[in-house]
There are 2 protein chains.
Amino acid sequence: MDTPWLDRRQLRAWIRLRAVLELLPGALDTQLRRDADVTEFDYYALAMLSEAPGRTLRMTELARQTNATLPRLSHVVSRLEARGLVERFPCPDDRRATNARLTDAGRAKVQEAAPGHVATVRHHVIDALSDEQIDQLARIGDAILARLDPTGSMAATYTRYDGAPGAEAPR
Amino acid sequence: MDTPWLDRRQLRAWIRLRAVLELLPGALDTQLRRDADVTEFDYYALAMLSEAPGRTLRMTELARQTNATLPRLSHVVSRLEARGLVERFPCPDDRRATNARLTDAGRAKVQEAAPGHVATVRHHVIDALSDEQIDQLARIGDAILARLDPTGSMAATYTRYDGAPGAEAPR
DNA sequence: GAGCAGAAGTTGTCGCTACAACCAATCATC
DNA sequence: GATGATTGGTTGTAGCGACAACTTCTGCTC
């Protein structure tokens, strides 16, 4: 390998990022589980569906938009389906495929959960940063994601910012 | 609440951060499990111990340095102890407390795993960013952590950059 | 010096995720 | 129009983390 160790500045940045990686997901999860009885991942899956045309997405597409593997999504959707928040039905165009559609109850759940979630994201991230840092963070995220998923097949890219999912007003 | 929704710039940054939160830990975990048969968390626990004087830390202090809760750390250390990488013994100063000490095998494990892990961190994060972005990331991390853990009691702060843990040459 | 609040850890249980194996349908190619 | 490879998705299992309950010990306060 012969890879050089990190210098002090690099290490400082990495330690911080690692701490955020460790602490932030738990904070988001705790709030949503307490206030709306859903996981942060559940919430995003529901939110993505609520933005989709017909409130419907194919499993593969939903997995891509939530940065999840297909097995994971399948389990999650099974649970959401059992709770009546989502329904599955075979895709007419491709009989291998399955569509997931948000039910009315699911839509209500998103609307119920959204304000508290947005407030939490604001409190922990957005409001902690200056406008300049917000843009810096976006570019840093881009750069890291380009390495994590070079093909771009996995990471949700969201070039459409006109009504992007998960944190806007529910339609 | 009456919290405003995120605007496009904020949303862009948040979506990126969320994707990193989802994808990066898995990438680090996969590499370490494959090449050294340890979790990323296992690795950091071992690495923190390897930096500590006498390769020993109290459980509470180790939990703080790894951003973990005490129950979680207790389980992890139990597993590491069963593998002979760590040993536990009661703290003589405070009989409530437990010390965790790195064994020779544990030290060897850290040294074995470190180069590959550092290479992965470099590849996915450090080398993806400019020097300027590295510093920006550190400051952004500081700002977010200040919100996540206002008291500073939890998040590992690491003002000591002379030989910081986890990514430097093992001693 | 008795009593009590809080700190330090451990343990048990439950739910979620990763991984691997698997099935079904489509596509390509001959 | 068969066959092989790939895509789309589900299921089973094992392992890890969150949470709550509990024990032991310390230190305060009266």
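Chain A is the first sequence line, chain B the second, and so forth, proteins listed ahead of strands; every chain is numbered from 1.
Although no hydrogens or angles enter the test, the distance criterion places no donor-acceptor pair under 3.5 Å between the side chain of A/K109 and the main chain of A/L85. Under a 3.5 Å cut-off, the side chain of B/E81 and the backbone N or O of B/R88 do form a donor-acceptor pair. Side-chain atoms of A/S74 never come within 3.5 Å of backbone atoms of A/P71 as a donor-acceptor pair (strictly under, hydrogens ignored).
Using a 4.0 Å heavy-atom criterion, one finds that B/D94 contacts the sugar-phosphate atoms exclusively. Counting non-hydrogen atoms under 4.0 angstrom, A/T30 reaches the backbone sugars and phosphates but no base. Residue A/R79 is in base contact, counting any heavy-atom pair closer than 4.0 Å across all strands shown. Backbone-only engagement by B/T98 is indicated by non-hydrogen atom pairs under 4.0 Å involving sugar-phosphate atoms exclusively.
Rounding to whole angstrom units, CG of residue A/D42 and P of C/dG15 are separated by 13 Å. Taking atom CD of A/E61 as the reference point, atom C1' of D/dT7 lies 15 Å away to the nearest angstrom. At whole-Å resolution of the value, CD in B/Q31 and P in C/dA18 are 17 Å apart. Taking atom CG of A/L70 as the reference point, atom C1' of C/dC22 lies 14 Å away to the nearest angstrom. In this entry the distance linking CG of A/L57 with P of D/dG8 reads 14 Å, nearest Å. Across the protein-nucleic acid pair, A/D93 atom CG and D/dG8 atom P stand 13 Å apart, rounded to whole Å. For the pair B/M59 CE and D/dC25 C1', the interatomic distance rounds to 17 Å; values are reported in whole Å. One can place CG of B/L23 at 14 Å from C1' of C/dA18, the figure rounded to the nearest angstrom.
Each of A/G26 and B/R96 lies near DNA chain D, and the nucleotide nearest A/G26 is the one positioned closer to the 5' end. When each of B/V76 and A/R58 is assigned the nucleotide of DNA chain D bearing its nearest heavy atom, the one mapping closer to the 5' terminus is A/R58. Ranked by how close their nearest DNA chain C nucleotide is to the 5' end, A/R95 and A/H75 are led by A/H75. Positionally, the nearest nucleotide of DNA chain C for B/L73 lies more toward the 5' end than for the other of B/L73 and B/R33.
In the set D/dT11, C/dT17, C/dT10, the nucleotide with an atom closest to the side chain of A/P71 is D/dT11.
Because its NZ or CZ atom is not both nearer than 6.0 Å to the ring centre of A/Y43 and within 45° of the ring axis, A/R33 does not count as a cation-pi partner of that residue.
Considering only side-chain N and O atoms, A/R72 lies under 4.0 angstrom from the phosphate OP1 or OP2 of C/dT17. Dashed line: the shortest gap from a side-chain N or O of A/R88 to OP1 or OP2 of D/dT10 is under 4.0 Å.
Ring-plane geometry between B/Y44 and A/W14 is classed as tilted, the angle between the planes lying from 30 to 60 degrees on a 0 to 90 degree scale.
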